[in-house]
Structures are given as structure tokens and as C-alpha cells.
Amino acid sequence: MIGARTMLAALTVCLSVGCITTVARAVAEEEATLRQGHVYVEEEARDVLSKMAAKNRDAPGWKQHAAAIRKNILRGARLEQLPPPCPLKPFRHSRREMDGYSVENIAFEALPGFHVTGNLYLPLDTDKPIAGVLTPHGHWENGRSRESKQYLSAAMARMGAAVFAWDMLGYGESKPCEHKHAQALRLQTYCSMRAVDFLLSLGIVDEHRIGITEASGGGTQTFVLSAIDPRIDVSAPVVQVSAHFYGGCVCESGMPIHVHGDHKTNNVEIAASFAPKPLLLVSVGGDWTTNTPRVEFPCVKRIYRMLGAENNVENAHFPKEEHNYGPSKRQAVYRFLAKHLGLNLASFQNEEGAIDESYVTLLKTEELAVFDKSHPRPPHSVSDCAEVFKLLGVKE
């Protein structure tokens with residue numbers, strides 16, 4: 001006869017295996033709904049767009065589908081239920097006045113003790129409500145201090161906007177969570193939502209003139225936030241919206257925001273769900289946006305046309321350029337945002353009428369740092385990533 005102790009051990013192993021099997025099955029089911037990286041070859045992606053378009057032939061049908069897209073992004077990213085927004089407690093220092101704009105080092109609390117770190121660029125004249133622009137960065141080293149980011153942020157501030165540039169999760173001064181965390185999409189998107197809160201908390205930003213733009217992974221943040229946060233008024237994702245490439249990082253496609261049950265969508269439709277608000281797609285020949293003029297943009301433009309807003313969507317395509325946020329791309333965005341946010345483009349043009357970025361003073365990474373020896377991180381800062389997600393409502 002088997003002893004009681006042996007039976008108990010066997011039962012424990014059986015239950016453990018059952019639990020492991022259940023967890024493994026749940027993980028496998030979620031992974032089956034993920035669309036990551038190069039999901040299709042290019043021509044397959046075109047066919048998928050065509051089939052999706054056939055299901056949404058009129059404005060009422062598209063509006064219903066767009067509502068489902070927003071709902072399923074929130075569900076897939078686990079953003080349906082959020083904690084009450086905590087006080088931002090902004091920490092600001094080292095304001096410097098430049099040629100037509102200022103820049104200062106900023107942190108605020110997205111969650112109690114969890115800081116979003118970045119830089120605030122302002123026009124020197126802020127006597128009346130001004131536009132606000134968010135610039136999340138992509139997967140580049142020195143994200144918010146790289147030259148293209150400083151040019152972009154300073155230029156738009158000189159043109160009359162309050163511009164906030166901040167660290168992607170786990171980059172720069174963003175602590176303590178690693179960027180490759182399985183729930184990165186959720187936390188990073190929540191931080192973007194709180195960045196809107198921060199801009200509005202300044203008391204000088206017009207709540208009806210808020211834009212967002214960035215490239216690559218920052219482009220994904222741009223079109224995802226635009227889809228789910230109704231406070232965004234103008235959107236310009238750069239070198240990212242593609243029918244065949246869904247984003248290769250967990251912060252872009254590591255949670256099931258594209259597929260749930262019978263619901264299926266892609267990044268092109270997510271970007272288009274912003275309609276009828278102004279949308280600029282910036283694309284190049286040197287990455288996965290190479291087909292935008294003939295594949296993605298016609299699909300998006302058809303949706304805007306159905307909604308009677310065809311003039312609100314544009315594509316700036318640079319067939320000989322690579323995957324970055326270079327000068328020509330920035331100039332296209334400056335013009336688009338100036339048009340739709342009421343910015344003063346002339347303030348950044350030279351005597352010949354060309355956009356001139358020589359007004360910008362580039363600062364070193366350490367000069368843009370929020371926390372240093374003179375400005376230490378507050379003692380109540382959360383130092384454990386599991387605690388951060390607990391505050392957000394995620395059980396690890």
C-alpha cells in the first residue's frame with residue numbers, strides 16, 4: 001500500500017503539473033493573438049488590407065469598427081481599468097533661455113513614486129493659450145537628447161508650442177523597469193496618457209490643440225495614443241505605420257492589441273481610427289514604410305474620404321531616405337503641425353523662406369538630465385519594478 005506521505009507528494013506533483021499546464025495554455029493562447037515583427041510578406045499585407053476594407057464600405061460601418069479598435073487596444077493593453085490619477089508633483093529645474101524658446105529638465109509622477117523624466121520646451125512668449133506637442137522617442141540611444149529630438153522639440157517650441165520630450169520606459173533616466181518587460185506596452189502607454197495630463201497641468205496649453213509626433217517605436221506610441229486618447233487633436237507618426245510590419249518590440253506588439261476573438265486589425269487601421277482628425281504619415285524607401293504611397297496611404301485616405309475629411313490626411317514620402325527622423329521628415333511635420341495647430345512657421349524660416357534649424361542650441365545629455373548630484377531622485381521613489389506594476393494594478 002502506498003504511504004500517506006507518498007500519496008501527498010504524488011498529489012502535489014500532479015497539481016503542480018496541472019497548474020503549470022494551465023498557465024502554459026493561457027500564455028500560449030495570448031501569444032497566438034499577438035502580431036509581432038514581420039507578420040506578412042508585402043503583397044500578402046496588401047491583400048489583408050483589401051479584405052478588411054471590403055468589410056467596412058461606408059462611414060457607419062467604419063465608425064463601428066474604429067470603436068472596436070479602440071476598445072480592443074484598451075482591453076489588450078490592460079488599460080480598461082486604471083488607478084485614480086495621482087498628483088503629478090512636477091520636479092523642474094535648470095531652465096535655460098535660448099533663441100526664441102526655453103528648455104528645462106522635468107520629472108513628474110505617473111504613479112506614486114514612479115517618475116516620468118524628460119524636458120519641457122516652451123516659447124519665450126506664453127501670454128495666451130498655446131498648442132501642446134508630445135514627442136515620445138523611439139529605440140535610439142540617448143533618445144530624448146539625440147540631435148534630431150532636440151531640433152524637433154526646440155523648433156516646435158519656437159513656433160509657439162509647449163513641447164514635452166520624455167524617456168521611453170527603461171531608457172535614459174526611466175527607472176526601475178526594464179524596457180523589455182512583458183507589460184511594457186501597458187506601462188509605457190499609461191505614461192504617455194499622463195504626459196497629456198502634464199501638458200494640460202501647465203495652465204497655458206489649449207486643450208483643443210494637442211499634437212503628437214515621433215519616429216520608429218516613438219511612431220508606434222504616437223498612433224496608439226492617438227487611437228485611444230480623445231485629447232489628441234493632431235497626429236504625425238514617422239517611419240512606422242506599415243501593413244506587413246507590426247513593430248518588433250514588446251513595447252509595440254507584446255500585448256494582444258491587434259487580435260481578440262473575431263476582432264482583427266493592424267497598425268494601418270489603428271492609425272486610421274484617428275479619423276477624421278488631422279493625420280500625417282511620414283514614410284521612406286529604406287524601411288518597412290516603403291510601400292506607403294501605394295498600399296497603406298490609399299487605405300487610410302479612403303477612410304478619411306468616407307468621413308468627409310480627405311483634406312485632413314497626408315503622406316510625406318521620401319523614397320531615397322532611411323529609417324530616422326532626419327531634416328526633411330522634420331520639415332514635413334513642421335508644416336503639417338503648423339497648419340493644424342496654428343503654429344507660427346515663419347518664426348523658423350530664414351530670409352529665403354526655408355525652414356532653418358540653425359536657431360537651435362544643442363545640449364549635452366548630462367545637461368538635460370533631471371536627476372544628478374545636485375538634484376537627487378526623491379527618497380520616496382519606487383526602486384522595484386514589481387512595485388510599479390502593483391501600483392498600476394498588475395499582479396506579476
Side-chain angles (χ1 to χ4, degrees), residues 33-36 49 52-53 56 59 61-82 132-136 138 184-197 199 208 210-243 245-247 249 251-260 263-282 289 292 296-297 299-304 306-307 309 312-315 336 340:
T33 65
L34 297 181
R35 296 294 184 268
Q36 296 179 292
L49 282 185
M52 288 184 168
N56 301 288
W62 168 254
K63 289 179 180 178
Q64 183 176 2
H65 186 57
I69 289 172
R70 287 187 285 273
K71 177 181 178 180
N72 281 281
I73 291 174
L74 293 170
R75 182 207 59 79
R78 298 180 64 184
L79 291 167
E80 290 177 298
Q81 295 183 342
L82 298 173
V133 180
L134 299 168
T135 63
L185 173 60
R186 185 183 196 218
L187 180 56
Q188 188 161 271
T189 303
Y190 181 70
C191 290
S192 296
M193 296 166 73
R194 301 253 44 204
V196 182
D197 293 340
L199 274 185
H208 301 297
I210 297 180
I212 182 170
T213 181
E214 243 297 347
S216 193
T220 300
Q221 292 181 73
T222 294
F223 65 74
V224 168
L225 186 69
S226 298
I228 64 173
D229 195 322
R231 297 173 296 178
I232 302 298
D233 301 295
V234 183
S235 183
V238 177
V239 294
Q240 191 62 15
V241 178
S242 168
F245 181 71
Y246 282 54
C249 181
C251 79
E252 302 172 277
S253 53
M255 299 183 76
I257 64 173
H258 298 101
V259 177
H260 177 67
H263 171 80
K264 293 183 180 180
T265 191
N266 54 44
N267 288 345
V268 180
E269 287 196 329
I270 291 175
S273 70
F274 191 61
K277 296 178 181 179
L279 172 68
L280 171 66
L281 301 182
V282 180
T289 62
T292 295
E296 288 87 357
F297 183 62
C299 175
V300 175
K301 191 172 184 178
R302 181 187 70 86
I303 292 167
Y304 270 77
M306 285 195 307
L307 299 179
N312 275 355
V313 64
E314 297 179 24
N315 171 220
F336 189 80
H340 292 285

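Between Phe336 and Asn312, the closest heavy-atom pair is CZ-O, 3.9 Å. Between Val234 and Phe274, the closest heavy-atom pair is N-CZ, 3.7 Å. Nearest approach of Leu280 to Pro237, heavy atoms of both residues: O-CD, 3.3 Å. Contact between Leu185 and Thr189 at its shortest, heavy atoms only, is O-OG1, 2.7 Å. Val241 approaches Val268 most closely through the heavy-atom pair CG1-CA, 3.9 Å. Considering every non-hydrogen atom in both Leu307 and Ala59, the closest pair reads CD2-CB, 3.8 Å.
When side chains are defined from C-beta on, Ser192 does not count as touching Leu134, because their heavy atoms never get closer than 4.5 Å. Counting heavy atoms from C-beta on, the side chains of Leu225 and Val196 come closer than 4.5 Å. Looking at Asn56 and Glu269, their side chains come closer than 4.5 Å, going by heavy atoms from C-beta outward. His65 has its side chain out of reach of Met52: every pair of non-hydrogen atoms, C-beta onward, lies at least 4.5 Å apart. The side-chain heavy atoms of Thr222 and Ile232, taken from C-beta on, include no pair separated by under 4.5 Å.
For Lys63, the NZ atom sits in a loose shell: 12 or fewer heavy atoms of surrounding residues, nucleotides or ligands are nearer than 6.0 Å. Summarising the local packing, CD of Glu80 is surrounded by more than 12 heavy atoms from other residues, nucleotides or ligands at distances under 6.0 Å.
With hydrogens and angles ignored, the 3.5 Å screen pairs no side-chain donor or acceptor of Glu296 with any backbone N or O of Ser242. At distances below 3.5 Å, not a single donor-acceptor pair connects side-chain atoms of Lys277 with backbone N or O atoms of Ser235. A donor-acceptor pair is defined here as one N or O able to donate and one able to accept, closer than 3.5 Å; such a pair exists between the side chain of Arg70 and the backbone of Ser273.
From Met255, atom CE reaches atom CG of Leu79 across 7.5 Å, with rounding to the nearest 0.5 Å. Here the CD1-NZ distance, from Ile69 to Lys264, works out to 14.5 Å after rounding to the nearest 0.5 Å. Here the CD1-CD1 distance, from Ile270 to Ile73, works out to 4.0 Å after rounding to the nearest 0.5 Å. Note that CZ of Arg75 and NE2 of His263 are 8.5 Å apart. Values are rounded to the nearest 0.5 Å.
Listed by chain and residue number, Arg231 satisfy the salt bridge (Lys or Arg N to Asp or Glu O under 4.0 Å) test with Asp229 (two or more places apart in sequence, or in another chain). Residues satisfying the salt bridge (Lys or Arg N to Asp or Glu O under 4.0 Å) test with Arg194, not counting sequence neighbours, are Asp197.
Each of Asn266, Asn267, Thr265, Asn72 was compared with His258 under the side chain to side chain donor-acceptor pair (under 3.5 Å) criterion, and only Asn267 meets it. For the side chain to side chain contact (heavy atoms under 4.5 Å, CB included) with Glu252, the lone residue among Gln188, Gln221, Gln240 that qualifies is Gln240.
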Discussion item. Is there a side chain to side chain contact (heavy atoms under 4.5 Å, CB included) between Thr289 and Phe245? Walk through the geometry before answering.
Written reply: CA-CA 9 Å; Thr289 62; Phe245 181 71; over 6 Å; no

